[in-house]
*Asks:* 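Here it is: the structure, laid out below.
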Amino acid sequence: MPLLVMKFGGTSVADLDRIANAAAKVQREVERGYDVIVIVSAMSGKTNELVGWVEQTSPLYDAREYDAVVASGENVTAGLMALRLQEMGVPARSWQGWQVPINTTSAHGSARFVDIPRANIDAKFAEGMKVAVVAGFQGLSPEGRITTLGRGGSDTTAVAFAAAFAAERCDIYTDVDGVYTTDPRVSSKARKLDKIAFEEMLELASLGAKVLQTRSVELAMRYNVRLRVLSSFEDTDENSGTLVCGEDEIMESKAVSGIAFSRDEAKITLFTIEDRPGVASAIFGPLAEAGVNVDMIVQNISEKDYDEHHSGAVTDMTFSCPINQVARAQKALEDAKAADLIRYDELIIDTDVAKVSVVGIGMRSHAGVAARMFDALAAENINIKVITTSEIKISVLIDRKYMELAVQALHDAFGLEKAA
Ligand code: ADP
Ligand code: ASP
Ligand code: MG
C-alpha cells in the first residue's frame, strides 16, 4: 500500500473544528488509496504555555521534567485526531513517541533521532488500520525518559517517519500555502515558490525562516524525502504548495531565491585583546563549554599598542549569538578573564541587533551579489555591523529597528516579487 506522511502544525490543530478540517484532508488521502501516518503538533500556543509553567515552577529546571511537561501538548492532539478520524469511519489510532518507540538521544530539549522501528505500526496497518496518528516533537531516551526535539520539532518527526516508512511524500500542512521568497508576514510582496532546493531551504531555515525546522530539511536531504509545504486551510491537490527538492529539479536561476531574518540576535565585542596565536581559541573555548552558539565572528585588523596593559599588538573581537545566551556568554568571558585565561579591556554587549540573510544557489554562478546587497542597504541608510558569507548566502547584522525595512529593500533589489 502506498504511504503518505501528513503533518499538521499548531494553527492547523488549534481547536476541534480545525482538527476536523485536518482529519477531512487525511480521509481524502485514505480514499485515494493511501495508508497515512499523521504527525500532529500541539494546539497553537500550548507549547509556549507549558514552557512558561515549567519556567515559573523551576527557573533552572531539570531538563527531563521539562520534556515530560512540554511533550504533553502533542499527546492531546494525537488522541483527538484519532478520535475524529474514527468518528468519520476511518480506522485510526494514536501513538505517543514511547509507544512506537521513537528512539532518540538523551539530549533533553534538543534530542536527535536514533531509530524508529516500524514493527508496531506496520502490524496495525496489516490488521486494517488506515491511519497512525503520531505525536510530533517527542521521543524516548535510552534511559526510558521522554525527550523533545527542540522547538518546531514536529516537522522533523514527520520527515523522519517519511524516511523510515519510505513514504511517497511528506506533506507539511501549515498556516501559509507554501515557502515564500521571504516571510509573507514581513513583506507583502513575498512570492510563493513552486520549488526550492534542499540546500536553499536548509540555509533559510537555519537563518531564521521557521516554516520548517532546520533538522527536518537536513533529514529530507539526506534520505531524499519528497518534502512539500502547503496550506491546511485551502483546498489542495498534488500540485499545491512548495516542493523542497534536489537542485536538478529547479528551473529558476536567480542569484537570490529567498531572504531570511532572525530578530533574536546579540552582538558582543571584546575591546583590546592581545593579537597573538591562541587568543581566539582562549575566547571561544570557554564560550563553547558554556553552550553558547556563536554565529558570526569578526576580528579587527591589529594595531600596535605598547601601552601599560599590553606588551604587544592588540585588536578587537566581535561575535554574535542568540539573545537568550548573552548572560551565559558574559559569565563565561568574565570568568575566563578572572582566571587570567584571556585579557580584554572592555566587554560591549549590543542586544538590539537582527540578522538578515540573502540565500540562493544562483550565487555560485552570479557575481556581484554582495555589492548589490550592500548598495540596497546603503540606499536605506542602514549600517552594517557584521558580515558573513558562505557559498550560497550572505548575512549581515544590523540594528533591529531596520530589520523589516532591510528585508523589503533586499526583496526589491533582487527582484524577488517576479519569477525568473
Ligand atoms: P506550524 O505551526 O504549522 O509549524 P510555523 O509557525 O512553525 O507553523 O511556521 C509557519 C510560519 O513560518 C508562517 O506563518 C510564516 O510566518 C513563517 N515563515 C517564515 N519564513 C517563511 C517563508 N520564507 N515562507 C513561508 N513562511 C515563512
Ligand atoms: N509544539 C512544538 C513547538 O511548538 C513542536 C512543533 O509544533 O513543531 O515547538
Ligand atoms: Mg513549525
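All ligand and atom numbering here is 1-based and tracks the order in the structure. Numbers here are sequence positions counted from 1.
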*Asks:* Counting both backbone and side chain atoms, is some N or O of T47 under 3.5 Å from an N or O of ligand 2?
*Replies:* yes
*Asks:* With only distance considered, is R185 within less than 3.5 Å of ligand 1 through an N or O on each side?
*Replies:* yes
*Asks:* Can you sort out which atoms of ligand 1 are near V179, meaning under 4.0 Å from one of its heavy atoms?
*Replies:* 24 (N)
*Asks:* Would you say G10 and ligand 1 have an N/O pair spaced under 3.5 Å apart?
*Replies:* yes
*Asks:* Hey, does the side chain of R228 reach the backbone of S240 with a donor-acceptor pair shorter than 3.5 angstrom?
*Replies:* yes
*Asks:* Under 4.0 Å from any heavy atom of S41, which atoms of ligand 2 are there?
*Replies:* 6 (C), 7 (O), 8 (O)
*Asks:* With heavy atoms only and a cut-off of under 4.0 Å, state how T182 meets ligand 1: side chain, backbone, both or neither.
*Replies:* backbone
*Asks:* At less than 4.0 angstrom from any non-hydrogen atom of K7, what atoms of ligand 1 do you find?
*Replies:* 4 (O)
*Asks:* Of all the heavy atoms in V176, does at least one lie under 4.0 Å from an atom in ligand 1?
*Replies:* yes
*Asks:* How about NZ on K331, more than 12 heavy atoms from neighbouring residues, nucleotides or ligands closer than 6.0 Å, or not?
*Replies:* no
*Asks:* State, yes or no, whether a side-chain contact exists between D194 and L243 at a heavy-atom distance under 4.5 Å.
*Replies:* no
*Asks:* Is there a side-chain contact between S395 and M296, using heavy atoms and a 4.5 Å cut-off?
*Replies:* yes
*Asks:* Any idea which of K7, K46, R151, E74 brings a heavy atom closest to atom 4 (O) of ligand 2?
*Replies:* R151
*Asks:* Give the residue, atom name and distance (to 0.1 Å) of the protein heavy atom nearest atom 7 (O) of ligand 1.
*Replies:* K210 O, 3.5 Å
*Asks:* I'd like the name of whichever of I259, D175, I196, L193 reaches closest to atom 13 (C) of ligand 1 through any heavy atom.
*Replies:* D175
*Asks:* Answer yes or no for G152: is there a heavy-atom contact with ligand 2 below 4.0 Å?
*Replies:* yes
*Asks:* Provide the number and element of each atom of ligand 1 under 4.0 Å from a heavy atom of Y180.
*Replies:* 22 (C), 23 (N), 24 (N), 25 (C)
*Asks:* Taking the minimum heavy-atom distance to atom 12 (O) of ligand 1, which of T242, V359, V211, T11 ranks first?
*Replies:* V211
*Asks:* Side chains of F113 and T156: does their closest heavy-atom pair fall under 4.5 Å?
*Replies:* yes
*Asks:* Looking only at non-hydrogen atoms, which of T181, V229, D183, L212 approaches atom 21 (C) of ligand 1 most closely?
*Replies:* D183
*Asks:* Does the side chain of T315 reach to within under 4.5 Å of the side chain of I273, using non-hydrogen atoms?
*Replies:* yes
*Asks:* Do T214 and L202 have side-chain heavy atoms sitting under 4.5 Å apart?
*Replies:* yes
*Asks:* For a 4.5 angstrom cut-off between non-hydrogen side-chain atoms, does K355 reach L397?
*Replies:* yes
*Asks:* Which atoms of ligand 1 sit under 4.0 Å from any heavy atom of A209?
*Replies:* 20 (N)
*Asks:* Determine, using heavy atoms of G10 and all atoms of ligand 2, whether some pair is separated by less than 4.0 Å.
*Replies:* no
*Asks:* Picking from N103, T105, D67, T104, what satisfies side-chain hydrogen bond (donor to acceptor under 3.5 Å, both in side chains) with T147?
*Replies:* T104
*Asks:* Can you report which non-hydrogen protein atom sits closest to atom 25 (C) of ligand 1, along with the distance?
*Replies:* G178 O, 3.4 Å
*Asks:* Evaluate the side-chain proximity of K46 to L50: yes if any heavy-atom separation is below 4.5 Å, no if none is.
*Replies:* yes
*Asks:* Name the orientation class of the two ring planes belonging to F284 and F319 (parallel below 30°, tilted from 30 to 60°, perpendicular beyond 60°).
*Replies:* perpendicular
*Asks:* Going by the atom numbers of ligand 1, which of them fall below 4.0 Å from some non-hydrogen atom of T174?
*Replies:* 1 (P), 3 (O), 8 (O), 10 (C)
*Asks:* Are the side chains of T148 and Y66 in contact, using a 4.5 Å heavy-atom criterion?
*Replies:* yes
